[in-house]
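Inspection log for the structure reproduced underneath, given as structure tokens.
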Amino acid sequence: MSEDTRDGTVTQTLDASGLACPMPIVRTRQAIDKIASGDLLEVISTDRGSLRDIPAWAESTGHTLLEVDDAGDRFTFLIQKG
Amino acid sequence: MDDGIERMTIICWSGEMDKVWPQYILATTGAAYGMEVTMFCTFWGLFPLKRPEVKITGDNWMTKAMGVMNNQRISHLNFGGVGTKMLRTIAKKHKVEPPEALIATAQELGVRLAPCQMTMDLMGLTRDDLIDGLEEPLGAAAAMANMQRSSINLFI
């Protein structure tokens, strides 16, 4: 995981590229456990299933999915920890 | 009884690779959802928890025979092991974690792996024959108590 600052809020980036189901969600969970409530986590995945998995997971676990970017073979999600 | 913890119990009955895979995919996903996940590993579902070097001894030819049945191969189109190898190769190409790695991930996420005492007795296995980090061996009644408290129960 890398760290940068965006608009004053700490953003962690998790690069889950190349991982297949269920690992993007498993790694996302582990990453979100390490940040504070309200902080942002950016997840990059190449698993097409993530397009449905990450929104379902975020809704169920009380986090907010702020953005989804579908670049065809690379998907970026911005999640705010609940 | 509602303590706010969401639970899932998976009764792992099969040791066939194409069933062990979803057992541990769903277990790790449940853990990622923040659930307390218990896997009750019974009959052939106990085999993936054996140390690799351990052979099933059993008491007689019947329990010995159980050791070679339904184990670490796929349930359909196995073709004497070729099908299983092919599936592993395809999975690797698509970066799908092999069952062994998913079991390790499940343990890392705190999934509770509970061996079935009766199966251990049948197969002549002791705690030392099984991988580290398992729960105490259970019986059906303890598994039932877990299932009663779980909102998701699966038999695979």
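Order of the sequence lines sets the chain letters (A, B, ...), proteins ahead of strands, with each chain counted from 1. Excluded from the calculations below are hydrogen atoms, water molecules and symmetry mates; all remaining heavy atoms, backbone and side chain alike, are included.
- Both the backbone and the side chain of B/I25 come within less than 4.5 Å of a heavy atom in chain A.
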Could you give the side-chain donor-acceptor pairs of residues 48-56 of chain A under 3.5 Å, partners two or more places apart or in another chain?
{"residue": "A/R48", "atom": "NH2", "partner": "A/G72", "partner atom": "O", "Å": "2.8"}
{"residue": "A/S50", "atom": "OG", "partner": "A/S45", "partner atom": "OG", "Å": "2.8"}
{"residue": "A/S50", "atom": "OG", "partner": "A/D47", "partner atom": "O", "Å": "3.0"}

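- The OG1 atom of B/T29 sits 12.0 Å away from the CZ atom of A/R29 when rounded to the nearest 0.5 Å.
- Highest contact tally toward chain A, considering only B/G34, B/A31, B/A91, B/A32, is held by B/A32 [criterion: heavy-atom pairs under 4.5 Å].
- Atom CD of A/Q30 is separated from atom CD of B/E108 by 5.0 Å, given to the nearest 0.5 angstrom.
- No continuous path of hydrophobic side-chain contacts links A/L78 to A/I44 [ILVMFWY only; heavy atoms under 4.5 Å].
- No more than 12 heavy-atom neighbours from other residues, nucleotides or ligands sit within 6.0 angstrom of CD on A/E59.
- Within a 6.0 Å radius of CZ in A/R74, no more than 12 heavy atoms belonging to other residues, nucleotides or ligands are found.
- Contacts of B/L26 with chain A are absent, with no heavy-atom separation under 4.5 Å from either backbone or side chain.
- Looking at heavy atoms from C-beta onward, B/V96 lies out of side-chain contact with A/M23 at the 4.5 angstrom threshold.
- Between the OG atom of A/S17 and the NZ atom of B/K95 there is a distance of 9.5 Å, given to the nearest 0.5 Å.
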